[in-house]
*Asks:* 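Provided herewith is a single structure, encoded as C-alpha cells, for subsequent inquiry.
Here the structure is a predicted model, which is why all the values come from computation and not from measurement. Order of appearance sets the numbers: ligands from 1, and atoms from 1 within every ligand.
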Amino acid sequence: MESYRFRNNDQMPLFGLGTWKSEKGQVFDAVLEALKQGYRHIDCAAIYMNEDEIGEAFTKAFSEGIVKREDLWVTSKLWNTEHQREYVAPALKKTLSDLNLDYLDLYLIHWPVVIRQGVLSPKSADDFQSLAEVPISETWLGMTECVHAGLTRHIGVSNFSIKKLEQMLSEEIVPEMNQIEMHPLLQQKEMLAFCSEHHIGLTAYSPLGSRDRPAGLVKATEPDLFENNVITKISDAHSCSPAQLLIAWAINRGTAVIPKSVNPVRLQQNLEAASITLSGDEMEEIALLDKRYRYLDGNFWIVEGNSYTLENLWDE
Ligand code: A2P
C-alpha cells in the first residue's frame, strides 16, 4: 500500500477509512471489518461522537491479533471548543481514552474556528470567539506540547488555507498535514504545490462528495460526482465504479484519501480502488474538471455578528 513519508520518515498509508457520519451501532462493525480486510489507517475526530465505539473495535482487533498497534495509523482531531492552549492536552487525552490508545499517530486542529467551550451547536455570535482572542499560534503551542508529552507522534491542521499555513512556517513544529476537502471538482492545485514545497502532507476528505451529509449541510442543487461524464467514462474503461475511480484519482495524485463506508462490500471495493493506476491522459482529462466547488463550504461557521466570513475562512 502506498504511503506518505513524514519528515522523520514515519509513513502513513495513503488510503484510510473515514468515520465522519459512521453512526454508533454501525461503526464498531465497520472498523473491525475494515481492519480485517487490511485497512491500516483510520481517520477519527472527537466531534464525530463515535470514538468510544471505534476504540472497542481497536481493542478487539488488537486482542485477536488482526492488527498490531504499531502497524495501524490513527488520526484524530481537536474540536473547535478546545482551542485554548490549556484545553488541548486534556481534549487529546479524552480522545485517547475513548479510542483505548496510548498515543495517536496524528492529531489535527479540526477547523481554524473557535467556539466557546461547552457550546454544542453554536447559534449566535456569543457562542464563538475570534482568532484574535484565541490565536492559532496559542492552539499550536498546546498541540506541540502534546507531541513532547508523547500523546501524539505528529501534528497538523484541517481546513487551513495556504495563507494560514504560511503563518505557521516558522513554528517549532511546522504543520505536518493539512486535511481538506478534495475531489475532481475541488482539486486544490495551489495547495498541492505549496504543501509539496514545504513537505506538508495532504489528505482528501469527502472524496466521494459525502452524499450522506446531514440535511442541513446539503444545498438545494449539487453536482453529483458519480454522474459526471468524464468520471463515468474513465471508470467504465477500468471496469470499476465511479467511487473507486475517485479514490484511485486521489492516490494517483499522491494525496491521502479517507472515503467513509459502513458497508462491507463497499469497504472492500474502496480498498481495492487504492491499487488502480490511471494513465497520464486520464489524469489530464480529470484535471480539467476542477470547478473549485465545495460540498462543505463552511457557511455553518458564519453567523451574524461573529468574526468569521467565507473570505477569511478560506482566504480566497
Ligand atoms: P456507505 O457508508 O453506506 O457505504 P465521503 O467519503 O465522501 O464522505 O462519502 C461517503 C458516502 O459515500 C457514504 O454515503 C457512503 O455510504 C458512500 N460510499 C462509500 N463507498 C462507496 C462506494 N464504493 N460506492 C458508492 N457509495 C459509497
*Asks:* Indicate yes or no: does an N/O atom of W20 lie under 3.5 Å from an N/O atom of ligand 1?
*Replies:*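 No; every N/O pair is 3.5 Å or more apart.
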*Asks:* Is Q244 in contact with ligand 1, taking contact as a heavy-atom separation below 4.0 Å?
*Replies:*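 No; Q244 lies far enough from ligand 1 that no heavy-atom distance drops under 4.0 Å.
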*Asks:* Is G18 in contact with ligand 1, taking contact as a heavy-atom separation below 4.0 Å?
*Replies:*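 G18 does not count as a contact of ligand 1 under the 4.0 Å cut-off.
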*Asks:* What pair of heavy atoms forms the shortest contact from D71 to R40, and how long is it?
*Replies:*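 Heavy-atom minimum between the residues: O-CD, 3.3 Å.
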*Asks:* Using non-hydrogen atoms of the residue, decide whether F226 is closer than 4.0 angstrom to ligand 1.
*Replies:*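 Yes.
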*Asks:* Report the part of Y205 (side chain from C-beta onward, or backbone N, CA, C, O) that has a heavy atom under 4.0 Å from ligand 1; answer both or neither where that applies.
*Replies:*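 Neither; nothing of Y205 gets under 4.0 Å from ligand 1.
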*Asks:* Do S206 and E181 have side-chain N/O donor and acceptor atoms under 3.5 Å apart?
*Replies:*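 Judged by distance alone, the side chains do not pair up.
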*Asks:* Indicate yes or no: does an N/O atom of P259 lie under 3.5 Å from an N/O atom of ligand 1?
*Replies:*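 The answer is no, given that P259 and ligand 1 share no N or O pair closer than 3.5 Å.
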*Asks:* Would you check, one step at a time, whether the test salt bridge (charged side-chain N to carboxylate O under 4.0 Å, His left out) holds for D102 with R69?
*Replies:* CA-CA 10 Å; D102 303 329; R69 171 66 188 97; over 6 Å; no
*Asks:* Can you pull out the closest protein heavy atom to atom 18 (N) of ligand 1? Residue, atom name and distance to 0.1 Å, please.
*Replies:*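 Answer, as residue, atom name and distance: L208 CD1, 3.8 Å.
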*Asks:* Specify side chain, backbone, both or neither for P207, according to which of its non-hydrogen atoms lie closer than 4.0 Å to ligand 1.
*Replies:*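 Both the backbone and the side chain of P207 come within reach of ligand 1.
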*Asks:* N/O to N/O below 3.5 Å, does that happen between V262 and ligand 1?
*Replies:*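 By distance alone, the answer is yes.
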*Asks:* May I ask you to check whether N159 and Y205 show a side-chain donor-acceptor distance below 3.5 Å?
*Replies:*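 The criterion, which ignores hydrogens and geometry beyond distance, is satisfied for Y205 and N159.
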*Asks:* Test Q84 against every option in Q129, Q117, E138 by the side-chain hydrogen bond (donor to acceptor under 3.5 Å, both in side chains) rule and name the one that passes.
*Replies:*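 By the side-chain hydrogen bond (donor to acceptor under 3.5 Å, both in side chains) criterion, Q84 pairs with just one of Q129, Q117, E138: Q129.
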*Asks:* Is it the case that ligand 1 has an N or O less than 3.5 angstrom from some N or O of R211?
*Replies:*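 Between R211 and ligand 1 (N or O atoms, distance only) the closest approach is not under 3.5 Å.
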*Asks:* Is R266 in polar range of ligand 1, meaning some N or O pair under 3.5 Å apart?
*Replies:*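 Yes, there is a polar N/O contact under 3.5 Å.
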*Asks:* Please state whether the rings of F6 and W73 are parallel, tilted or perpendicular, taking 30° and 60° as the class boundaries.
*Replies:*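 Judged by the thresholds at 30° and 60°, the geometry between F6 and W73 is parallel.
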*Asks:* Heavy-atom distances under 4.0 Å are what count here, so tell me which part of A243 touches ligand 1: side chain, backbone, both or neither.
*Replies:*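 For A243, the contact with ligand 1 is made by the side chain alone.
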*Asks:* Between S241 and ligand 1, does any nitrogen or oxygen pair lie at a separation below 3.5 Å?
*Replies:*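 Looking only at distances, the answer is no, because the N/O contact criterion of under 3.5 Å is not met.
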*Asks:* Among protein heavy atoms, which lies nearest atom 19 (C) of ligand 1, and at what distance?
*Replies:*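 The answer is K260 O, 3.1 Å.
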*Asks:* Any side-chain donor-acceptor pair under 3.5 Å between N252 and E282?
*Replies:*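 E282 and N252 do not have a side-chain donor-acceptor pair below 3.5 Å.
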*Asks:* Heavy-atom contacts with S206 under 4.0 Å: which atoms of ligand 1 show up? List them by number with element.
*Replies:*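 Matching atoms, with element in brackets: 7 (O).
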*Asks:* Suppose we measure from atom 23 (N) of ligand 1 to each protein heavy atom; which comes out shortest, and what is that distance?
*Replies:*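 Nearest neighbour among protein heavy atoms for atom 23 (N) of ligand 1, to 0.1 Å: N270 OD1, 2.8 Å.
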*Asks:* Do the ring centers of Y308 and W111 come within less than 6.0 Å of each other?
*Replies:*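 No - the distance between ring centres of Y308 and W111 does not fall below the 6.0 Å cut-off.
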*Asks:* Are side-chain N/O atoms of T59 and N100 paired as donor and acceptor at under 3.5 Å?
*Replies:*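 Checked: T59/N100 side chains pair up, N/O donor to acceptor below 3.5 Å.
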*Asks:* Using a heavy-atom cut-off of under 4.0 Å, does the side chain or the backbone of Q269 touch ligand 1, or both, or neither?
*Replies:*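 Side chain only.
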*Asks:* I'd like to know if the side chain of E176 reaches the main chain of G156, judged simply by a donor and an acceptor atom lying under 3.5 Å from each other, with no hydrogens or angles considered.
*Replies:*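 Checking the backbone N and O of G156 against the side chain of E176, no donor-acceptor pair under 3.5 Å is found.
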*Asks:* Note the single closest protein heavy atom to atom 8 (O) of ligand 1, along with its residue, its atom name and the distance in Å.
*Replies:*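 So the nearest neighbour among protein heavy atoms is S210 OG, 2.6 Å.
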*Asks:* Indicate, with yes or no, if V147 and Y4 share a hydrophobic cluster defined by side-chain heavy-atom contacts under 4.5 Å among Ile, Leu, Val, Met, Phe, Trp and Tyr.
*Replies:*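 Same hydrophobic cluster.
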*Asks:* Which protein non-hydrogen atom lies closest to atom 11 (C) of ligand 1, naming both residue and atom, and how far is it?
*Replies:*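 Atom 11 (C) of ligand 1 sits closest to the protein heavy atom D212 OD1, 3.7 Å.
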*Asks:* Any heavy atom of G209 closer to ligand 1 than 4.0 angstrom?
*Replies:*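 Judged by the 4.0 Å heavy-atom criterion, G209 does count as contacting ligand 1.
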*Asks:* Where is the tightest heavy-atom contact between L267 and A30, given as atom of each residue plus distance?
*Replies:*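 It is CD1-O, 3.6 Å.
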